[in-house]
Protein chains: 2
Amino acid sequence: MSSLPFAADNSPAPQGAGLPTPAFSPLYQQIKGLILQSLQQGEWKPGESIPSEMELAARFRVSQGTVRKAIDELAAENLVVRRQGKGTFVATHAEQHIQYRFLKLLPDTGDASVEGPAQRSVIDCRRVRASADISRVLALRSGDPVMQAKRILSFAGVPTILEDIWLPGHAFKGLTGEQMANYQGPTYAMFEMDFGVRMVRAEEKIRAVLPDAEQAQLLQVTTATPLLSVERIAYTYNDVPMELRRGLYRTDTHHYRNELS
Amino acid sequence: MSSLPFAADNSPAPQGAGLPTPAFSPLYQQIKGLILQSLQQGEWKPGESIPSEMELAARFRVSQGTVRKAIDELAAENLVVRRQGKGTFVATHAEQHIQYRFLKLLPDTGDASVEGPAQRSVIDCRRVRASADISRVLALRSGDPVMQAKRILSFAGVPTILEDIWLPGHAFKGLTGEQMANYQGPTYAMFEMDFGVRMVRAEEKIRAVLPDAEQAQLLQVTTATPLLSVERIAYTYNDVPMELRRGLYRTDTHHYRNELS
DNA sequence: TAGTGGTCTAGACCACATA
DNA sequence: ATGTGGTCTAGACCACTAC
């Protein structure tokens, strides 16, 4: 029944057993890991509810409080969403009120909801071989197949974001430009639906740059217009990189917003 | 003794009493508010430990678990820091291993620790009257006194950040350029020590810009070098704005790093 | 009415730091 | 040895949601 690595009695797992054993951790961390595994293996799909705290407690043979603490951490990491009276749900990029969870670019006036959804125009989408730097970021070997896409996002008819996207070929086999252009809603939601790939966190490196002639033309600015260069690496469960995205953002009508604490 | 707004018996505060009363909230939220108040009033200074969970539980006449949950939230917001076996400490910008908590600019190679502390050169620091936009951000009236400072941060001898800082005059009376230049460690730590002002969170708006002639000269770049424009509003407790900072970052050797989740 | 997550308590034991 | 925060449990009651 229980697949707990350590018995769920009152004696917690011993620490530092001498050998470099992988991980002796608190019970709730082990439970968290097991839930994570189920999420990863697709036992519950994005948007669906996971079993109740009582059910999970019974399954893992621990108290409800321990399951609660495990779920608390998963919720803090945005992997699941709690809804009082309804249950706990697998987080999804679709159907979230915040249209684009990872996009921090906001219009200078009003908010994103006023602005409405972005118009997408996909310029290119094809299978290529990974260059050295792309393969390094995506933890592939140089020359491995990679899906590459280029597109423009426009707001209120103004081209604002130009981005290149690289995805591991094995996981995104068959991705087409039509798919990227036609899907309503966030691209990350489409990745969940059509490829079963869920991006759970990302890192961005931001710089100020000038566009080259082609980039400037696509964004309808001059080559003397400074742009934000945003390089994003998006990860799925277990810190596995699944996307590299290089974006150029116009910041004459928008700004990148960040909160520090 | 207890200054609890609502009795700490087993019956939680009723919700929605009809009138738009300020806040009926869970017990632990009320406790959190009371601890926050003590922090704010300086009952415990930055870096000091606050009373143990047991002591706080006794003071507020609630269980230790309830205090724990209150402190959990304060710790999640970086207002206090837990240290097992030692106690819970008031967060401070000084003495933190992360040298600059709010500075997200990192060297492209190596990490900040390799780079060492920034050299600061204060160009200007004086008392002025708030312009319309400054006063609006700092929740002052137009013409109210404001301390204004301008400085350059250099890393490894290379001028990298040029920033203008505005602070409410009433709270920062007597701030001098010498003070800003001579203090070892983060400026925010100096604000804590010398003025009792603790910045607890901040918001940033980031854009790509070109410098004017003076800015370019100060940063030793050409006026054709794109720079990050980072406008930061820093807040103390209760979301009171206490600083406006406008920075220009060179991103030829550094980048702005952000984590999304 | 039943089921969910949310709050609160009380007590036990553990890990860590300090004296 | 003592005191701190960290973990785990068990049970009670509440608030929200759906049927």
Side-chain angles (χ1 to χ4, degrees), chain A residues 2 4-17 23-35 44 48-76 80-91, chain B residues 2 4-17 23-35 44 48-76 80-91:
Chain A
S2 170
L4 265 192
F6 304 107
D9 57 12
N10 270 352
S11 57
Q15 297 279 340
F24 291 86
S25 57
L27 242 194
Y28 77 89
Q29 287 282 5
Q30 301 176 38
I31 303 303
K32 181 185 171 189
L34 293 173
I35 297 175
W44 316 299
E48 287 181 8
S49 73
I50 72 174
S52 74
E53 296 179 352
M54 287 304 288
E55 279 178 81
L56 289 171
R59 181 202 301 196
F60 298 130
R61 316 285 212 85
V62 299
S63 78
Q64 188 211 10
T66 301
V67 171
R68 167 171 293 271
K69 182 143 190 185
I71 294 180
D72 277 345
E73 292 211 348
L74 293 172
V80 299
V81 178
R82 293 171 168 292
R83 281 182 222 152
Q84 184 172 142
K86 299 178 74 171
T88 300
F89 298 78
V90 182
Chain B
S2 170
L4 266 192
F6 303 107
D9 57 10
N10 269 352
S11 57
Q15 298 280 342
F24 290 87
S25 57
L27 241 195
Y28 77 90
Q29 288 281 5
Q30 301 177 37
I31 303 302
K32 181 185 170 189
L34 293 173
I35 297 175
W44 316 300
E48 289 180 7
S49 72
I50 71 174
S52 73
E53 296 180 350
M54 288 304 288
E55 280 179 79
L56 290 171
R59 180 199 303 193
F60 298 131
R61 317 287 212 83
V62 299
S63 78
Q64 188 211 12
T66 300
V67 171
R68 168 171 293 271
K69 181 141 190 182
I71 294 180
D72 277 346
E73 292 211 347
L74 294 172
V80 298
V81 178
R82 293 171 168 293
R83 278 180 225 153
Q84 184 172 140
K86 300 180 73 172
T88 301
F89 298 78
V90 182

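So you know, we letter chains A, B, ... as the sequences are listed, proteins then strands, and number each from 1. What you are looking at is a predicted structure, and each value in this text was computed from that prediction instead of being measured.
A/Thr88 comes within 4.0 angstrom of sugar-phosphate atoms only, judged by non-hydrogen atoms across all strands, and of no base. As judged by a 4.0 angstrom heavy-atom cut-off over every strand, B/Arg68 is placed among the base-contacting residues. Nucleic acid contact class of A/Glu53 (heavy atoms, under 4.0 Å, all strands): sugar-phosphate only.
Atom CD1 of A/Ile31 and atom C1' of D/dT9 are 13 Å apart (whole Å). In this structure, A/Leu27 places its CG atom 17 Å from P of D/dG6, rounding to the nearest Å. Atom CD1 in A/Ile71 sits about 15 Å away from atom P in D/dC8, given to the nearest Å. Nucleotide C/dA12 holds its P atom 13 Å from the CD atom of B/Gln64, rounded to whole Å. Note: CZ (B/Arg83) to C1' (C/dA15) measures 17 Å, nearest angstrom. If you measure from atom CG of B/Asp72 to atom P of D/dT4, you get 17 Å, rounded to the nearest angstrom. Remark: P of C/dT4 and CD1 of A/Ile50 are 12 Å apart, rounded to the nearest angstrom. As rounded to whole Å, 11 Å separates atom C1' of D/dG11 from atom CE of A/Met54.
In this structure, B/Leu56 and B/Ile71 have side chains that are in contact, with non-hydrogen atoms separated by less than 4.5 Å. A heavy-atom distance below 4.5 Å is not found between the side chains of A/Leu27 and A/Phe60.
Of the residues near DNA chain D, A/Tyr28 and A/Gly85, the one whose nearest nucleotide (by heavy atom distance) lies more toward the 5' end is A/Tyr28.
Not one side-chain nitrogen or oxygen of B/Ser63 sits closer than 4.0 Å to the OP1 or OP2 atom of C/dC8. Side-chain N/O atoms of B/Ser52 include none lying less than 4.0 angstrom from OP1 or OP2 on D/dG3. Listed pair B/Arg82 / D/dG6 meets the phosphate criterion, a side-chain N or O lying under 4.0 Å from OP1 or OP2.
Atoms CG and OG1, from B/Asp72 and B/Thr88 in turn, are 9.5 Å apart once rounded to the nearest 0.5 Å. Taking CZ of A/Arg82 as the start and CD of A/Glu53 as the end, the distance is 5.0 Å to the nearest 0.5 Å.
Relative to the side chain of A/Pro26, the nucleotides C/dG6, D/dT7, D/dT9 differ in distance, and D/dT7 lies closest. Which of C/dT9, D/dT17, C/dA15 sits closest to the side chain of A/Lys86 comes down to D/dT17. Between D/dC8, D/dA15, C/dT9, one nucleotide has an atom nearer to the side chain of A/Gln84 than all others, and that is D/dA15.
Here the side chain of A/Glu48 pairs no donor or acceptor atom with the backbone of A/Val90 at under 3.5 angstrom.
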